[in-house]
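These notes are about the structure you will find just below.
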Amino acid sequence: MIARRTLMLTCLAAPALAQAPGPVLDRPVTLVAPFSAGGAADIAARLFAAHAVRHLGQPGQPIIVENRTGASGAIGTQYVARAKPDGHTLLLARVGSSAILPATDPRTPYTVEDFTWLALLDENPFVICVRADAPWRDLPALIAAIRAAPGTLNFATSGPATILDLGIRHMLASAGLPIDAAQAVPFRGGGEALTALLGGHAQFVGNNLGDMLGAIQQGQVRALVVSGEARLPNLPGVPTAAEAGLPALSQLAGWNALAAPASLPDPVLAFWSRVARATAGDPEWLAATRRTGSVPRYLDGAAMRAMVEAQIALYRNLARRLNLG
């Protein structure tokens with residue numbers, strides 16, 4: 001099932017920023033978010049669209065964000081892979097659909113070579129949460145509950161080949177539990193996973209911080225652990241994975257990148273590379289991205305492709321250790 005939700009973001013008055021001329025975009029640009037509205041991919045796509053328009057050098061040129069969901073992000077990702085490489089169709093690439101899925105499922109209908117990689121935009125810590133009224137005050141307590149009654153608790157996921165699913169199974173295995181000691185309940189994206197947690201349809205969730213930050217700050221959910229090597233400034237009370245006793249979770253993180261179909265003509269590649277670099281340095285985009293819980297981190301297209309290849313290797317090895325697939 002393909003769910004679509006579009007939002008036209010027209011160009012604001014361009015500030016006094018350096019804008020290199022590029023090829024004329026003769027129709028609206030479609031930026032595909034391969035997960036559902038309200039999740040990390042959707043939020044990142046809409047933030048990029050809202051701020052990138054100032055750097056197109058073409059006043060009035062719209063960028064339309066379109067949610068094409070399903071198959072752990074493969075439907076929207078494949079749509080871009082098959083699109084005409086003319087610069088009018090872009091992908092908000094995610095770790096799950098662009099790295100974990102190719103690493104764990106040989107049926108994935110695309111590879112790294114099917115895309116022109118433009119830029120890394122940001123990284124997003126992995127956080128494990130329960131509802132605020134849940135009885136588990138910390139990660140050891142949650143793990144103890146799972147250990148005491150295997151198969152009883154369930155967690156919300158956005159599909160078997162996403163960080164929401166693989167991260168929790170990695171947590172279970174690292175704690176010495178079977179990877180099916182908790183039951184996965186699938187949803188179409190991180191936003192829906194949060195809704196399921198809030199509605200009591202799941203007892204816990206491992207998710208991108210961008211999906212969870214608002215609910216954490218509003219006291220609706222309790223964050224038990226966050227990935228990374230140090231506590232986050234905006235969540236000083238949440239322990240790191242190492243502090244919670246599972247340092248193996250430290251390296252898990254989501255990310256957002258910009259990609260286009262393969263064989264993008266050089267002038268179009270140069271144009272979108274300039275736009276991505278300018279947007280990634282835009283103070284307004286930087287501030288807005290940090291407010292979502294993401295950490296801005298720009299890499300150019302060549303470095304981004306290398307990162308995707310390294311991520312595929314990482315998650316392929318992790319899946320083998322977990323005996324997945």
Side-chain angles (χ1 to χ4, degrees), residues 7 9 11-12 14-15 17-19 29 31-56 63-67 73 90-99 117-127 129 158 163-164 189-191 194 207-218 223 226-236 238 252-260 272-301 303-304 307-308 311:
L7 173 66
L9 298 154
C11 185
L12 306 174
L17 297 174
Q19 297 177 338
V29 173
L31 177 57
V32 174
F35 293 97
S36 61
D42 178 68
I43 292 169
R46 294 177 191 278
L47 280 179
F48 180 82
H51 296 281
V53 290
R54 296 198 296 273
H55 304 281
L56 295 179
I63 298 177
I64 299 173
V65 174
E66 183 174 306
N67 299 90
L90 303 176
L91 173 69
L92 196 289
R94 291 285 302 166
V95 58
S97 47
S98 293
W117 297 94
L118 300 172
L120 174 68
L121 300 174
D122 64 76
E123 293 180 319
N124 204 291
F126 182 75
V127 62
C129 296
S158 52
I163 197 169
L164 277 74
L194 169 60
N207 205 342
N208 300 284
L209 179 59
D211 291 330
M212 307 299 296
L213 184 60
I216 295 169
Q217 293 177 331
Q218 292 167 20
V226 66
S227 67
E229 301 301 326
R231 294 195 181 199
L232 299 176
N234 53 353
L235 293 176
V238 181
L252 293 180
W255 44 259
N256 295 301
L258 192 67
W272 278 114
S273 296
R274 286 193 296 265
V275 171
R277 184 171 59 251
T279 304
D282 186 321
E284 293 184 22
W285 177 85
L286 288 166
T289 297
R290 290 186 179 110
R291 284 195 296 270
T292 70
S294 289
V295 180
R297 183 190 175 201
Y298 171 78
L299 292 176
D300 66 17
M304 184 62 227
M307 176 178 164
V308 175
Q311 287 272 286

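By convention here, the first residue in the shown sequence is residue 1. For clarity, every value in this text was computed on a predicted model and none was experimentally measured.
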Exercise. Does the N208 side chain pair with the main chain of G210, one donor and one acceptor, at a distance under 3.5 Å?
Worked result: no
Problem set entry | side chain to side chain contact (heavy atoms under 4.5 Å, CB included) evaluation trace for L56 with V29 | CA-CA 11 Å; L56 295 179; V29 173; 5.7 Å; no
For this session: Please tell me if the side chains of L235 and L213 come closer than 4.5 Å, counting only heavy atoms from C-beta onward.
Result: yes
Exercise. Which of these, T292, T289, D122, N124, sits in a side-chain hydrogen bond (donor to acceptor under 3.5 Å, both in side chains) with N256?
Worked result: D122
For this session: Show your working on side chain to side chain contact (heavy atoms under 4.5 Å, CB included) between L121 and L92 and close with a plain yes or no.
Result: CA-CA 10 Å; L121 300 174; L92 196 289; 4.1 Å; yes
Seminar exercise, completed: Distance col, row M307:CE vs R297:CZ, nearest 0.5 angstrom, shows 5.5 Å
Exercise. Which pair of heavy atoms, one from A93 and one from W117, lies closest together, and at what distance?
Worked result: CB-CZ3, 3.8 Å
Exercise. What are the two closest heavy atoms between R231 and P236, and how far apart are they?
Worked result: NH1-O, 2.9 Å
Exercise. Is I216 close to C129 at the side-chain level, that is, under 4.5 Å between some pair of heavy atoms?
Worked result: yes
Exercise. Which atom names give the shortest non-hydrogen contact between V65 and D42, and what distance separates them?
Worked result: CG1-OD1, 4.3 Å
Problem set entry | Side-chain heavy-atom pair F48, V53 within 4.5 angstrom cut-off | no
Seminar exercise, completed: CG (L47) and CZ (R291) are apart, to the nearest 0.5 Å, by 8.5 Å
Seminar exercise, completed: Shortest non-hydrogen pair, F35 vs S97, comes out as CE1-OG, 3.8 Å
Exercise. Going from OG on S158 to CG on L164, what distance comes out if it is rounded to the nearest 0.5 angstrom?
Worked result: 4.0 Å
Exercise. In Å, rounded to the nearest 0.5 Å, how long is the span from OG1 of T279 to CZ of R274?
Worked result: 12.5 Å
Exercise. Under a 4.5 Å cut-off applied to non-hydrogen side-chain atoms, are L194 and M212 in contact?
Worked result: yes
Exercise. Would you say S227's side chain and A253's backbone share a donor-acceptor pair under 3.5 angstrom?
Worked result: no
Problem set entry | Shortest non-hydrogen contact between L31 and A45, atoms and distance | CD2-O, 3.4 Å
Problem set entry | Pairwise side-chain contact, W255 with L299, heavy-atom cut-off 4.5 Å (strictly under) | no
Exercise. Could you state the interatomic distance from CZ (R290) to CH2 (W285), rounded to the nearest 0.5 Å?
Worked result: 8.5 Å
Problem set entry | Distance-minimising heavy-atom pair for D211 and G190 | OD2-CA, 3.3 Å
Exercise. Distance from H51 atom NE2 to L286 atom CG, nearest 0.5 Å?
Worked result: 9.5 Å
Exercise. Is L90 close to L258 at the side-chain level, that is, under 4.5 Å between some pair of heavy atoms?
Worked result: yes
